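Here's the structure, in structure tokens; my notes come after.
Everything quoted here is computed from the prediction, not taken from an experiment. Chain identifiers are assigned alphabetically (A, B, ...) following the order of the sequence lines, protein sequences preceding nucleic acid strands; residue numbering begins at 1 within each chain.
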2 protein chains.
Amino acid sequence: MSSLSTAEERVPVVTASAVREFASGGYRGTTIADVARDARISPAYVFKLFPSKERLFVAALADCFRQIVETLSMGADEAEDTSSDGILDAMGGAYAELISDRSLLMLQVHAQSVANIPEIGQALRLGMASVVRLAKSRSGASDDAVQRFVAYGQLCHLIVTTGIDDVPDEWASILSAGIRHPR
Amino acid sequence: MSSLSTAEERVPVVTASAVREFASGGYRGTTIADVARDARISPAYVFKLFPSKERLFVAALADCFRQIVETLSMGADEAEDTSSDGILDAMGGAYAELISDRSLLMLQVHAQSVANIPEIGQALRLGMASVVRLAKSRSGASDDAVQRFVAYGQLCHLIVTTGIDDVPDEWASILSAGIRHPR
DNA sequence: CCCGTGAGTGACTGTATAGTCACTCACATG
DNA sequence: CATGTGAGTGACTATACAGTCACTCACGGG
């Protein structure tokens, strides 16, 4: 199948498939065959492009954070209110838009759940480090404000994974109030 | 093995084993055999006590939230500062102590990652509902304060799962600052 | 036109695992 | 002592999955 291409061109395509598939099934719930099917290549060829399932997941996670950092950065560029809080707010808005298809969000949640695998924990820390450093340096906000920025981001993850935004009860609206999350 | 007992007595014991094992391996990464070994019974008998792996996980998660609610409630009872913020703070302290062995924390994180399995998502929402309702009713704090309470709880989960509290860099201390988490 | 290189795969292996079922055996009761 | 009930298990099935390997085949350079 597939019109002869170079391996180097295939790698980002397979990585993108891995992001989607791992996001939907998690690390253990996703098979190499799933990723291969999405990328329209054979499972065997996935192993020619990546040495193991673990490394494929790491590549997907790294790409996820690459996209996040890029998006946050653009959000900061386009902030109308250029105070620290205004910039953090613009970044939050850009992030909310980015994760509207939920893949990048779910991948992070799944990664947290297998962060005890050393290479995955490492990749997760690298990603969070780049996010925190970007938020701090671009906004110039206080440490507390950056911490709050991340905390509410995590709350947003909880709301989306559990589908709290579709629950009409009082407790659910307490958690969701004012949080920008994908509809 | 094991000194003849009633099934009803076994259930909570197996549930406790399930909490530990699922917390350490996640839903897909933990086998019925793992839980059985921990509970010192045969895998086959686990299926006599619980109809499926899914239901066993749900039982473990429910027990996890039962413990959390109990602990938060006791924390609120023992608060020295009885203002809303003081009570929320006492609850946070009680929670930090409860999750010092990380099992109850990790189980929640793993549950989030398989919340797309209907019964598990349901159990997670039930648990969060009881936590939010308890925090609100016991502290009488504003909706915002309760939301913040949960958001920083989620940040605490991130810090623990990724081992950020062992990273000496600046970005890591921004995230960990002032957060009570298990050492 | 031939041949080397690299893209891509089919078919396989070994292992793991959810769930089932027929069975054993301890004990309480009459 | 006989028997029924419920605790508990060994052995099995069916399936799935990570990773391997020998292979085919398209293409570009000489």
Side-chain angles (χ1 to χ4, degrees), chain A residues 1-61 110-111 113-114 116-120, chain B residues 1-61 110-111 113-114 116-120:
Chain A
M1 203 116 304
S2 59
S3 49
L4 246 293
S5 153
T6 71
E8 262 165 31
E9 282 172 42
R10 284 261 184 249
V11 166
V13 172
V14 176
T15 304
S17 293
V19 169
R20 278 191 295 275
E21 292 295 316
F22 280 128
S24 111
Y27 181 62
R28 318 242 187 203
T30 300
T31 71
I32 293 292
D34 291 334
V35 176
R37 195 176 314 116
D38 189 273
R40 298 169 191 279
I41 61 178
S42 70
Y45 194 41
V46 174
F47 285 104
K48 291 244 164 131
L49 302 177
F50 297 88
S52 67
K53 186 182 181 182
E54 200 175 303
R55 296 284 277 273
L56 176 58
F57 188 89
V58 167
L61 190 58
H110 290 310
S113 137
V114 286
N116 58 327
I117 297 173
E119 292 198 64
I120 296 180
Chain B
M1 202 112 305
S2 59
S3 49
L4 246 293
S5 153
T6 71
E8 261 165 31
E9 283 172 40
R10 284 262 184 246
V11 167
V13 172
V14 176
T15 303
S17 293
V19 169
R20 277 191 295 274
E21 291 295 316
F22 280 128
S24 109
Y27 181 63
R28 319 242 186 200
T30 300
T31 70
I32 293 292
D34 292 334
V35 176
R37 195 176 315 115
D38 190 273
R40 299 168 191 279
I41 60 177
S42 70
Y45 194 42
V46 173
F47 285 103
K48 291 241 164 135
L49 302 177
F50 297 88
S52 67
K53 186 183 180 180
E54 200 175 304
R55 296 284 276 274
L56 175 59
F57 188 89
V58 167
L61 189 58
H110 290 310
S113 137
V114 286
N116 58 327
I117 297 173
E119 292 198 62
I120 295 179

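For residues 41-50 of chain B, the set of pairs meeting the side-chain hydrogen bond (donor to acceptor under 3.5 Å, both in side chains) definition, not counting sequence neighbours, is empty. Within the structure, the side-chain hydrogen bond (donor to acceptor under 3.5 Å, both in side chains) test picks out the following pairs touching residues 21-36 of chain A (sequence neighbours left out): T31(A)-D34(A), D34(A)-R37(A).
Phosphate proximity of dG8(C) to R10(A): present, with a side-chain N or O under 4.0 Å from OP1 or OP2.
For the pair R28(A) CZ and dC17(D) C1', the computed distance is 13 Å after rounding to whole Å. In this entry the distance linking CD of E8(A) with C1' of dG6(C) reads 12 Å, nearest Å. Across the protein-nucleic acid pair, E9(A) atom CD and dG6(C) atom C1' stand 13 Å apart, rounded to whole Å. The interatomic distance linking F57(A) (CZ) with dA18(D) (C1') rounds to 16 Å, in whole Å. What separates CZ of R37(A) from P of dA18(D) is a distance of 11 Å, to the nearest Å.
Shown here for A60(A) and F22(A), the closest heavy-atom pair between the two residues is CB-CD1, 4.4 Å.
In this structure E8(B) satisfies the side-chain contact (heavy atoms from CB on, under 4.5 Å) test together with T6(B), sequence neighbours excluded. Residues passing the side-chain contact (heavy atoms from CB on, under 4.5 Å) test with F50(A), sequence neighbours excluded: V11(A), V14(A), T15(A), L56(A), A59(A). Evaluation of the side-chain contact (heavy atoms from CB on, under 4.5 Å) rule for V13(B) yields no partner, not counting sequence neighbours. The side-chain contact (heavy atoms from CB on, under 4.5 Å) test applied to S113(B) returns V109(A), H110(A), S113(A), not counting sequence neighbours. The salt bridge (Lys or Arg N to Asp or Glu O under 4.0 Å) test applied to R20(B) returns D38(B), not counting sequence neighbours.
Contacts with DNA chain D (heavy atom under 4.0 Å) in residues 46-53 of chain A: F47(A), K48(A), S52(A), K53(A), listed by number. Within residues 19-27 of chain B, no residue approaches DNA chain C, by heavy-atom distance under 4.0 Å.
Residue D34(A) is the one, among D34(A) and P43(A), whose nearest nucleotide of DNA chain D lies closer to the 5' end (criterion: closest heavy atom).
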Report, one pair per line, the protein and nucleotides 10-12 of chain C atoms (nitrogen or oxygen only) whose separation is under 3.5 Å.
none

